[in-house]
Each structure stands twice: as structure tokens, then as C-alpha cells.
Amino acid sequence: MRAVRSVLRLSRAALALVPLAGLPVLLAGCGFHPLYGEGANHVAVADDLKDIYVANIPDRAGQQLRQALQTQMAGDGPEDPHQYTLRVQPNFGAESIDIHADNTSGRTRVVGRAHWQLFTVAEHPELLAQGDAQTLDGYTVTYEQFFAQTLNDETTLGRVAQALGAEITQQVATWFRTRVQPASVTAPKARAFYPLPNAMPESSNMTPMEQEGEDAVPDMATGRGPSGAGRF
């Protein structure tokens with residue numbers, strides 16, 4: 001009786017896998033192809049990614065992003081870059097949300113942005129493609145536990161670096177597959193300045209001012225810190 005039940009369970013499992021086995025064929029029939037897959041009419045994107053050298057990115061967050069890119073582009077094969085150079089300019093910022101009545105924050109949002117450029121390896125490198133990536137993450141603030149707060153900062157920044165690396169890798173892989181430039185962020189418009197009521201002026205002729213952020217809101221209104229390359 002036990003053997004019969006085992007056979008029935010195996011049969012049900014096999015029947016459940018039949019639709020999954022036919023899924024690639026159905027997707028290919030609709031014109032969909034795996035980005036990193038190989039085929040008779042497709043270039044081996046994974047091999048091209050292994051030929052990319054990721055240039056150094058300064059600061060701790062930049063190092064984490066570079067390691068993520070190296071890991072995701074090299075895949076499971078040996079890393080032997082000699083044809084392309086990837087240059088990435090990241091920008092990491094943090095802002096306080098969930099503001100309490102005592103003006104403390106219950107949560108910190110971390111936003112990561114990066115502009116990447118792919119060059120040839122040559123005496124006079126040629127710019128092949130470029131694009132922009134963006135991601136966000138966050139953590140709950142723990143004021144009474146400073147060590148836990150430090151760990152939250154570090155782990156969140158690591159997740160943002162991993163997510164940015166995955167987004168950039170996907171955009172570069174898409175370019176290798178299609179040779180179509182990814183959509184870029186539109187050119188920034190002129191931003192307004194707002195007076196800082198609590199800042200101390202350096203002279204009687206000067207009024208401390210702050211420029212609005214990318215969302216048209218100044219930092220003082222959200223509690224976020226200034227963003228900069230490779231740091232909070």
C-alpha cells in the first residue's frame with residue numbers, strides 16, 4: 001500500500017512538471033528569449049559580460065558596487081576581461097521618513113543611483129553604450145541600539161549595491177543582445193533654492209540657502225542627508 005502511494009505521489013509530481021517543461025517552447029513561439037541564454041541566432045551574452053573590466057569605484061559603497069558587478073558579470077566562469085571597460089559613477093543618499101511628533105524618524109530610506117559607460121579597451125577607448133540605474137531600500141531606525149543601527153546602515157548599503165549591480169548588468173546584457181541604447185534619465189532642469197532658517201550665515205550679506213532635491217523638495221523638509229558619490 002505504501003509503495004502504491006509513493007508511485008501516485010511521483011506521478012502527480014511528474015504531471016505537474018509537464019507544463020513547466022513546455023514553457024520555454026511556448027515563450028519562444030511568442031518571440032521571447034532568455035537574456036542570458038544561447039541559441040543559433042543569438043550571441044552569447046554571458047561570454048561578453050566576462051570580457052568586461054569594471055574600473056575602480058572609490059569609497060566603501062563604490063567598492064561594494066564594484067564587487068557586485070564583478071560577481072554578476074563573471075557568472076560562474078573565470079573572469080578574464082580584455083575587451084571592454086565599464087566605468088560607473090554611483091550616488092548614494094539617505095533620507096528620514098516616518099517623522100514622529102518629537103521630530104525623530106522611524107525609518108531611513110536609502111536611494112542609490114548610478115550612471116555607467118561601456119568603453120572599448122584600446123589606446124583611444126570608444127564609448128559603446130551608457131545608461132542609468134536606480135534603486136531604493138530602507139531600514140527601521142533603532143535609536144537605543146547603536147551597534148544594531150550601524151549594522152542596519154551597512155547591510156542596507158550592501159543590498160543597494162547588489163541591486164544597482166544587477167540593474168546595470170541587465171542593461172549592459174541587453175545592449176549586447178540588441179545594441180539598443182537603454183533609456184536614460186532626462187537632462188536635469190534648473191533647481192530652486194530655499195533659505196535655511198536654522199543655519200548660521202557666514203557674513204551679514206549672506207543668507208544660507210539650500211537647493212531642492214531631484215524630487216523638487218529640499219532636504220530640510222524631509223530630514224534626508226546630502227547625497228554624494230560613494231557615501232551617505
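Here, residue 1 is the first one in the sequence, and each next residue gets the next number. Every value quoted in this text rests on a predicted model; they were computed, and no experiment measured them.
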>> Measuring only between side-chain heavy atoms, which start at C-beta, is Q64 closer than 4.5 Å to I57?
In response: no
>> Please say yes or no: joined through hydrophobic side-chain contacts below 4.5 Å, possibly via intermediate residues, are L86 and Y84 part of one cluster?
In response: yes
> From N91 CG over to Q134 CD, what is the distance, rounded to the nearest 0.5 angstrom?
Replying inline: 10.0 Å
> Going from CD on Q83 to OG1 on T120, what distance comes out if it is rounded to the nearest 0.5 angstrom?
Replying inline: 10.0 Å
> What heavy-atom pair brings V45 and A173 nearest, and what distance separates the two atoms?
Replying inline: CG1-CB, 3.5 Å
>> Would you compute the distance between atom CD of Q149 and atom OH of Y139 and round it to the nearest 0.5 angstrom?
In response: 5.0 Å
> Of all residues at least two apart in sequence or in a different chain, which pass the salt bridge (charged side-chain N to carboxylate O under 4.0 Å, His left out) check with R159?
Replying inline: D137
> Should the pair R177 and W175 be classed as cation-pi, given the thresholds of under 6.0 Å to the six-membered ring centre and 45° from the axis?
Replying inline: no
>> For a quick test of reading the model, state the closest non-hydrogen atom pair linking P195 to T207 and the distance between them.
In response: CB-CG2, 4.2 Å
>> Keeping T156 on the side-chain end and D153 on the backbone end, is there a donor-acceptor pair under 3.5 Å?
In response: no
> Out of curiosity, does V111 fall in the hydrophobic cluster containing W116 (side-chain heavy atoms, cut-off under 4.5 Å, transitive links)?
Replying inline: no
>> My understanding is that only residues two or more places apart in sequence, or in another chain, count here; which of them pass side chain to side chain contact (heavy atoms under 4.5 Å, CB included) with L151?
In response: F147, E154
>> Just to verify, what does A133 make a side chain to side chain contact (heavy atoms under 4.5 Å, CB included) with, not counting sequence neighbours?
In response: L164, E167, I168, Q171
> Got a donor-acceptor contact below 3.5 angstrom from the T135 side chain to the G112 backbone?
Replying inline: no
> Does the side chain of L136 come within less than 4.5 Å of V110's, by heavy atoms?
Replying inline: no
> Could you state the interatomic distance from OG (S96) to CZ (R109), rounded to the nearest 0.5 Å?
Replying inline: 10.5 Å
> Looking at residues at least two apart in the chain, or sitting in another chain, which of them share a ring-ring contact (aromatic ring centres under 6.0 Å, His included) with F119?
Replying inline: none
> Which pair of heavy atoms, one from A94 and one from T108, lies closest together, and at what distance?
Replying inline: CB-CG2, 4.0 Å
>> Exactly one of V121, T85, L69, L118 should register a side chain to side chain contact (heavy atoms under 4.5 Å, CB included) with I52. Which one does?
In response: L118
> Taking all atoms of both residues into account, what is the closest heavy-atom pair of K50 and A74, and its distance?
Replying inline: CE-O, 3.2 Å
> For the residue pair D132 and H115, what are the closest heavy atoms and their distance?
Replying inline: OD1-ND1, 2.8 Å
>> Counting C-beta onward and ignoring hydrogens, is there a side-chain heavy-atom pair between R113 and F92 closer than 4.5 Å?
In response: no
>> With rounding to the nearest 0.5 angstrom, report the CZ to CD distance, R66 to Q63.
In response: 9.0 Å
>> Once side chain to side chain contact (heavy atoms under 4.5 Å, CB included) is applied, do any residues pair with Q72, and if so which ones, sequence neighbours excluded?
In response: A68, Q162, A166, T169
> In Å and rounded to the nearest 0.5 Å, what is the CG to CD distance from L127 to Q117?
Replying inline: 5.5 Å
> Any idea which heavy atoms bring P90 and L65 closest together, and the distance?
Replying inline: CB-CD2, 3.8 Å
>> According to side chain to side chain contact (heavy atoms under 4.5 Å, CB included), who are the partners of T104, at least two apart in sequence or on a separate chain?
In response: H100, D102, Y143
